[in-house]
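First the structure, in the form of structure tokens, and then the observations on it.
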Amino acid sequence: MELPSPDTHVIDRKQRIVQLLRMVVPHEAIVDNERQTLAYECDALTARRCPPLAVALPSTTEEVSKLLEICHRERVPVVPRGAGTSLSGGALPTSDSVVICTARLNEILEIDCDSRFVRVQSGITNVSVTQAVENDGFFYAPDPSSQLACTIAGNVAMNSGGAHCLKYGVTTNNLLGVRMVLMDGEIVDIGGESLDAPGLDLLGLVCGSEGQLGIVTEAVLRILPKPEGARPTLIGFDSAEVAGKCVADIIGAGVLPVAIEFMDKTCNRVSEEFSGAGYPDVEALLIVEVEGSPEEIEYQQGLITQVAWRHNPVEVRESASEEESLKIWAGRKAAFGAMGSVGDYICLDGTIPVSKLSVALRGIEELSKTYKLKVANVFHAGDGNLHPMIIFDTNNAAEMKRSEELGAEILKLCVRNGGCLSGEHGVGIEKRELMTTQFTEDDLEMQMRIKDVFDERWLLNSAKVFPLELSQARRMQ
């Protein structure tokens, strides 16, 4: 079959854009070779892929500014990217876009333990922040499961959380300020070093905006003194619904654990085989961690075990040493990687009120049977942030389609029960067409007007968050 002639206009435009970008950053900081851009054609939502026009790897805020200024002038769409760990397709490029990756913005700029903050470039990994301050007795609280790889840039974009967000909050609760570059290249500082900056809460708009308002190049992060100690309790149940009720009762008893994690039987078995953590063979497993002085830990664990025994658990195991604590957490920390050995999966991110945990788990089980696909549940039970994993075969088109449909129904279930579409993964492309299930037309219009203010040409990550038809119409205005 005769192949069509290449579109010389497209080639000319790509060459022109690449040449312009290389005028403001070192030659090697612009990647346009098709083989090299393969690494950027998707993020952790690997079912969707698209090669970008080019990739830029700036090392300073000033370089980001110059790159955006060119893209704004030439009307080139831009997709911000951190480490590419997004599970919602938040960093998925479009074929006409330039990906601006923050990976080389990876320096710690200032540590102030007296004022309890650090200033970092946004490409630094999450875990590196704690590593930089732990010898001084401090830590950075948000701890996503991907914290070894994910960057502060992505954490700010998606308002990421983690196992310990129940007590310490998510990124927005630990973010003091940002330096951000707007689409036209203007550099702005929002917030600062104090706990509560004066004026409008623009920082609240930026955190969780999914790279739609600007590219964050620096962040001022709140650090906290390390607790005296921490100890988890492992509780096994013969019913997922009962485990959900136990979580609600623990919160209702007035105890504030640092984390409450849930794993169902499927996830429990796979994690146990992978990690050898010594988990019991039960239908549902809770890991409840408390912290403080030895006296505080003992008191809190006493209350938690009292609540647990009222629900007839199969096993209650209190950690008595650092070694036992690490073993209890080992399986949970390995859960997402371990599930990859079973098959392909989509990891969802809906939230529900804690009081509705048992209702949601029962609903997920029923939907799993309807769509004939296995769902493994592992999530932050303390704040109701669900992470159901739908297992399917990527090479089976019918199964893949059913998995996406099942995912949509699970998220709708969350919204019906008073929750929302995302707790920490963001909307990206995964949930953009579901936004109308949670927000009215007026709600969406107000959100899009905010983007108009920051990015009137709709060039920054514009194929994300909002239903595609609405985004395209906005960009055409």
Side-chain angles (χ1 to χ4, degrees), residues 43 55-69 71-72 77-86 88 90-91 97-110 117-126 128-129 140 142 144 146-147 149-161 170-193 197 200-223 424-428 450-451 453-455 459-462 464-465:
D43 53 24
V55 178
L57 298 160
S59 299
T60 66
T61 297
E62 290 68 30
E63 286 184 353
V64 174
S65 174
K66 292 173 183 176
L67 291 167
L68 284 178
E69 187 177 357
C71 290
H72 183 260
V78 171
V79 175
R81 180 186 176 98
T85 59
S86 169
S88 64
S97 68
V98 169
V99 172
I100 295 184
C101 180
T102 61
R104 293 184 178 178
L105 294 159
N106 56 8
E107 294 184 9
I108 293 179
L109 305 174
E110 182 182 3
F117 75 81
V118 295
R119 187 188 305 276
V120 301
Q121 288 187 308
S122 63
I124 195 169
T125 60
N126 175 287
S128 295
V129 180
Y140 178 59
S146 59
Q147 67 178 154
C150 68
T151 64
I152 295 301
N155 291 176
V156 173
M158 299 302 185
N159 192 19
S160 302
V170 292
T171 299
T172 191
N173 306 110
N174 296 274
L175 180 67
L176 302 176
V178 297
R179 173 160 288 182
M180 185 172 77
V181 186
L182 303 182
M183 186 61 221
D184 62 2
E186 181 182 356
I187 300 171
V188 296
D189 290 306
I190 300 173
E193 300 166 0
L200 295 174
D201 184 20
L202 295 179
L203 195 61
L205 281 179
V206 171
C207 189
S209 61
E210 304 197 25
Q212 294 234 323
L213 307 183
I215 295 182
V216 172
T217 59
E218 295 180 17
V220 182
L221 307 172
R222 180 186 182 194
I223 54 173
E424 58 175 335
H425 292 179
V427 176
I450 292 171
K451 179 166 174 60
V453 173
F454 285 83
D455 178 23
L459 294 173
L460 265 173
N461 226 17
S462 63
K464 315 293 167 56
V465 179

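When a residue number appears, it is its place in the shown sequence, counting from 1. No hydrogens, no waters, no symmetry mates; every other heavy atom, side chains included, goes into these values.
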Margin query: Test side chain to side chain contact (heavy atoms under 4.5 Å, CB included) on Val188 and Phe454; report intermediate values, then the result.
Written below: CA-CA 11 Å; Val188 296; Phe454 285 83; over 6 Å; no
Next item on the list: Check step by step if side chain to side chain contact (heavy atoms under 4.5 Å, CB included) holds for Arg119 and Glu193.
Entry: CA-CA 9 Å; Arg119 187 188 305 276; Glu193 300 166 0; 2.6 Å; yes
Next item on the list: Looking only at non-hydrogen atoms, find the nearest pair between Leu459 and Cys71 and report the distance.
Entry: CD1-O, 4.1 Å
Notebook entry, point to check: Between Leu67 and Ile100, which heavy-atom pair has the shortest distance, and what is it?
Noted result: CB-CD1, 4.1 Å
Next item on the list: Quick one: closest heavy-atom pair of Asn155 and Cys150, and the distance?
Entry: ND2-SG, 3.5 Å
Next item on the list: Could you tell me which non-hydrogen atom of Glu110 sits nearest to which non-hydrogen atom of Phe117, and how far apart they are?
Entry: OE2-CZ, 3.6 Å
Check: Of all heavy-atom pairs between Asn126 and Pro142, which one has the smallest distance, and what is that distance?
Finding: ND2-O, 3.1 Å
Next item on the list: Start with the C-alpha distance between Arg104 and Glu63, add both sets of side-chain angles, then the distance that settles side chain to side chain contact (heavy atoms under 4.5 Å, CB included), and finish with yes or no.
Entry: CA-CA 11 Å; Arg104 293 184 178 178; Glu63 286 184 353; over 6 Å; no
Notebook entry, point to check: Rounded to the nearest 0.5 Å, what separation is found between the CD1 atom of Ile190 and the CG atom of Leu200?
Noted result: 10.5 Å
Next item on the list: Please round to the nearest 0.5 Å and tell me the distance separating atom NE2 of His425 and atom OG1 of Thr85.
Entry: 9.0 Å
Notebook entry, point to check: Donor-acceptor pair, Asn159 side chain versus Thr172 backbone, under 3.5 Å?
Noted result: yes
Note to self: Any side-chain to backbone donor/acceptor pair from Ser65 onto Gly185? Under 3.5 Å, distance only.
What the structure shows: yes
Note to self: Just verifying a value: how many Å separate Ile215 CD1 and Met180 CE, rounded to the nearest 0.5 Å?
What the structure shows: 10.0 Å
Item checked: Any residue meeting side-chain hydrogen bond (donor to acceptor under 3.5 Å, both in side chains) with Glu210, in chain and number order, not counting sequence neighbours -> none
Note to self: Measuring from atom NZ of Lys464 to atom OG of Ser209, what distance do you get when rounded to the nearest 0.5 angstrom?
What the structure shows: 12.5 Å
Notebook entry, point to check: In Å and rounded to the nearest 0.5 Å, what is the CG to CD distance from Leu182 to Glu69?
Noted result: 12.0 Å
Item checked: Ser160 backbone acceptor or donor facing Glu424 side chain under 3.5 Å -> no
Check: Short question: side chain of Gln121, backbone of Glu107 - any donor-acceptor pair under 3.5 Å?
Finding: yes
Check: What pair of heavy atoms forms the shortest contact from Ala219 to Leu175, and how long is it?
Finding: CB-CD1, 4.1 Å
Next item on the list: Look at the side chain of Asn461 and the backbone N and O of Pro80, then say whether any donor-acceptor pair between them is shorter than 3.5 Å.
Entry: no
Notebook entry, point to check: Any side-chain heavy atom of Pro144 sitting closer than 4.5 Å to one from Met158?
Noted result: no
Check: Ser128: what forms a side-chain hydrogen bond (donor to acceptor under 3.5 Å, both in side chains) with it, not counting sequence neighbours?
Finding: Thr125
Checklist line | From CA spacing to verdict: side chain to side chain contact (heavy atoms under 4.5 Å, CB included), Val178, Leu203 | finding: CA-CA 8 Å; Val178 297; Leu203 195 61; 3.9 Å; yes
Next item on the list: Look at the side chain of Ser97 and the backbone N and O of Val99, then say whether any donor-acceptor pair between them is shorter than 3.5 Å.
Entry: no
Next item on the list: Quick one: pull up CD in Gln212 and CG in Leu460 and give me the separation to the nearest 0.5 Å.
Entry: 8.0 Å
Checklist line | Side-chain donor or acceptor of Ser122 paired with backbone N/O of Val216 under 3.5 Å | finding: yes
